[in-house]
**Student:** 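Got a structure for you, questions after.
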Amino acid sequence: MIWELENEGKNISEFFKRFLPGGFTIDNFPLILKLEQAKKDGIIRDIKTRILVLNIIGMCIYPFIAKNVIKHIWQDFDLCDESFISDRKTEIYNLVWNGIKRS
């Protein structure tokens with residue numbers, strides 16, 4: 001991700017163009033399509049989908065971008081530990097799902 005940040009996202013853009021049928025736009029990104037359909041079906045509340053996706057991306061990548069700071073705060077903490085990664089996936093899912101689902 002840091003490489004992509006430094007290179008203006010050129011590689012990831014090419015990746016999406018190659019693997020998404022019909023070319024890549026934010027509006028045909030599979031996660032965006034699923035979220036939009038879930039809104040229409042009343043499964044999740046009316047949310048700003050792009051902002052939600054950016055929030056999810058941020059929660060997933062920030063710890064790794066900030067790892068040099070985090071290791072000074074928690075010296076015995078390993079961001080690559082399988083248990084931490086598993087727990088983080090669960091907690092991000094729960095946080096997002098509980099924030100967007102219809103009551």
Side-chain angles (χ1 to χ4, degrees):
M1 185 56 75
I2 293 172
W3 176 264
E4 284 300 299
L5 292 170
E6 292 293 322
N7 289 286
E8 300 175 7
K10 293 174 186 168
N11 293 321
I12 196 106
S13 177
E14 288 302 315
F15 172 82
F16 285 131
K17 285 178 188 174
R18 191 170 5 154
F19 290 102
L20 287 175
F24 171 70
T25 68
I26 193 67
D27 296 318
N28 74 355
F29 191 69
L31 179 57
I32 299 282
L33 296 174
K34 287 182 186 237
L35 289 167
E36 291 297 329
Q37 188 61 50
K39 285 195 303 188
K40 287 178 189 171
D41 294 343
I43 297 168
I44 63 174
R45 63 185 180 81
D46 190 21
I47 55 168
K48 294 186 179 189
T49 308
R50 291 181 185 188
I51 292 173
L52 174 63
V53 171
L54 288 175
N55 288 340
I56 293 169
I57 292 169
M59 285 189 287
C60 292
I61 66 169
Y62 182 78
F64 300 98
I65 291 173
K67 70 179 178 183
N68 289 331
V69 173
I70 292 170
K71 73 180 179 183
H72 290 288
I73 297 170
W74 295 295
Q75 292 84 15
D76 62 341
F77 191 65
D78 181 7
L79 289 172
C80 295
D81 178 71
E82 288 183 38
S83 175
F84 167 75
I85 292 172
S86 177
D87 289 346
R88 184 139 177 90
K89 286 178 188 178
T90 300
E91 292 303 321
I92 289 172
Y93 172 83
N94 289 337
L95 181 65
V96 171
W97 178 246
N98 290 321
I100 66 173
K101 73 179 178 180
R102 287 232 181 247
S103 299

**Student:** Taking the side chain from Asp41 and the backbone from Ile43, do they hold a donor-acceptor pair closer than 3.5 Å?
**Tutor:** no
**Student:** Counting only N and O atoms by type, is there a donor-acceptor contact under 3.5 Å from the side chain of Arg45 to the main-chain atoms of Gly99?
**Tutor:** yes
**Student:** According to a hydrophobic-cluster definition based on side-chain heavy atoms being under 4.5 Å apart (Ile, Leu, Val, Met, Phe, Trp, Tyr only), do Leu95 and Tyr93 belong together?
**Tutor:** yes
**Student:** Could you point out which residue of Ile100, Asn94, Val96 forms a side chain to side chain contact (heavy atoms under 4.5 Å, CB included) with Asn98?
**Tutor:** Asn94
**Student:** For the atom pair CG (Leu31) and CG (Leu52), what is the distance rounded to the nearest 0.5 Å?
**Tutor:** 7.0 Å
**Student:** With a 3.5 Å distance limit and no angle check, can you tell me whether Arg88 reaches the backbone of Met59 through a side-chain donor-acceptor pair?
**Tutor:** yes
**Student:** Ile61, Leu54: one ILVMFWY side-chain cluster at the under-4.5 Å cut-off?
**Tutor:** no
**Student:** Taking all non-hydrogen atoms of both residues into account, name the closest pair between Cys80 and Ile85 and its distance.
**Tutor:** O-CD1, 3.8 Å
**Student:** List the atom of Pro63, the atom of Gly58, and the distance in Å for their closest heavy-atom pair.
**Tutor:** CD-O, 4.4 Å
**Student:** Any side-chain heavy atom of Leu79 sitting closer than 4.5 Å to one from Phe64?
**Tutor:** yes
**Student:** Does a sphere of radius 6.0 Å around CZ in Phe77 hold more than 12 heavy atoms from other residues, nucleotides or ligands, not counting ones at 6.0 Å or beyond?
**Tutor:** yes
**Student:** Does Ile51 belong to the same Ile/Leu/Val/Met/Phe/Trp/Tyr cluster as Leu35, with side-chain heavy atoms less than 4.5 Å apart forming each link?
**Tutor:** no
**Student:** Do the non-hydrogen side-chain atoms of Lys39 and Glu36 ever get within less than 4.5 Å of each other?
**Tutor:** yes
**Student:** Using 0.5 Å steps for rounding, measure from the CG atom of Asn55 to the CD1 atom of Ile57.
**Tutor:** 9.5 Å
**Student:** I need the minimum non-hydrogen distance between Trp97 and Ile44, along with the two atoms involved.
**Tutor:** CZ3-CG2, 3.7 Å
**Student:** Does atom CH2 of Trp74 have more than 12 heavy-atom neighbours from other groups under 6.0 Å away?
**Tutor:** no
